[in-house]
**Student:** 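Structure provided below as C-alpha cells; questions to follow.
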Amino acid sequence: MAIDAIRRVKRDVVIANRILARQDVLDAYGHVSIRHPHDPEKYFLARSLSPAIVEEEDIVEFHLDGTPVDPAEKRPLYLERFIHGGVYEQRPDVKAVLHSHADDLLPFSISKTTRLRPVIHNVGDMGETVPVWDIADKFGDETTLLVTNMAQGRDLAGCLACNRLALMRGHGFVCVGRSINDLTRLAVYIPRNARVMMAAMKMGDFISLSKGEIAARQKLDTETPALLRGWEFWAREAGVGHLVGDD
Ligand SMILES: [Zn+2]
C-alpha cells in the first residue's frame, strides 16, 4: 500500500538532508525543510541533528512561528528554525527551504565589489539577482550572526523577497524551491557555480548567463524525468535510495 502524504514528506525531508550532506552543501550544521502538504501554516524540519544522520523519526512538525505542533516535543531544536517560518510566511509559492553554511558561497557574502551570478547552466533558475542580507543592518553588531527569532527570520525573508537565493553576510545562505526536488537540485549546483565563478575570476573577464538564458531555465518544469533524475541517483549515493519509492 502506498504511504500517506505526511509520511512521504517526512521521508523526503530525510532524503534531502542526506543528499545535501553527501554533496557537501551541508556539513555538521545547516538544515532543510518542506512545507506541510495540506496545511500551508506548518512545515516539517528535523530536530537539532546533523543532516547526514537524520532519520524519519527525527522529523518534527512546526507552526510557522517555530513552535512544535506537538507540545510534548522536548528534544533540542535548531536555533535557526525561524529562517524557515519567516520564508514560508512571506512566500506562498515556496514549498521547501534550505539554510546552509557552504563555504564556497561565503566570499560572495562579504565582498564589497563582486556579486554572485549564475555562470553555469544548472543554476540558471537561481535568477539574476542574489541579495545579500546583513544581520547588523537591523539587529546591530552584537548578534551571533545566527537567525534566532522570528523578527530576524522575517527580515531575512524580506531581503530574499521574490528571489531563489539570498546570501547571509559572513554566515551562509538561504535557498528556496517550488518542490523539494526543485530546491535540492539547484542547491547541489550552487556551490559548484560559485567555485566555477571564482576560478574564472582568477583568469580575468568571464561570461554570466544572459537574461534570456535565465528566463529559459526558469520556465523548465523541474518535475519532469530529466530534472528528477538527480534526486534518485543522489539519494542512492547517500544511502537512502530505499526511501524514494512509495512503499
Ligand atoms: Zn546558520
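Ligands are counted one by one from 1 in listed order, and the atoms in each one are counted from 1 as well. Small disclaimer: the values here were computed from a predicted structure and weren't measured. Here, residue 1 is the first one in the sequence, and each next residue gets the next number.
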**Student:** Judged by modelled atom types alone, do E237 and Q23 share a side-chain donor-acceptor pair under 3.5 Å?
**Tutor:**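 Short answer, yes.
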
**Student:** Which atom, among the N/O/S set of E80, is closest to the Zn ion (ligand 1)?
**Tutor:**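 Closest N, O or S atom of E80 to the Zn ion (ligand 1): OE1.
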
**Student:** Restricting to non-hydrogen atoms, name the atom on A102 and the atom on F173 that form the minimum distance, rounded to 0.1 Å.
**Tutor:**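 For A102 and F173, the tightest heavy-atom pair comes out as CB-CE2, 4.0 Å.
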
**Student:** May I ask you to decide whether R164 forms a salt bridge with D125, counting only side-chain N to carboxylate O separations under 4.0 Å?
**Tutor:**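 Salt bridge: yes.
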
**Student:** By atom name, which N, O or S atom belonging to H171 lies closest to the Zn ion (ligand 1)?
**Tutor:**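 Minimum-distance N/O/S atom of H171 relative to the Zn ion (ligand 1) is NE2.
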
**Student:** Decide whether a cation-pi geometry holds between R192 and Y189; the criteria are a distance under 6.0 Å from NZ or CZ to the six-membered ring centre and an angle within 45° of the ring axis.
**Tutor:**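 Geometry flag: set, cation within 6.0 Å and 45°.
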
**Student:** H99: which N/O/S atom is nearest the Zn ion (ligand 1)?
**Tutor:**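 Checking each N, O and S atom of H99, the shortest distance to the Zn ion (ligand 1) belongs to NE2.
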
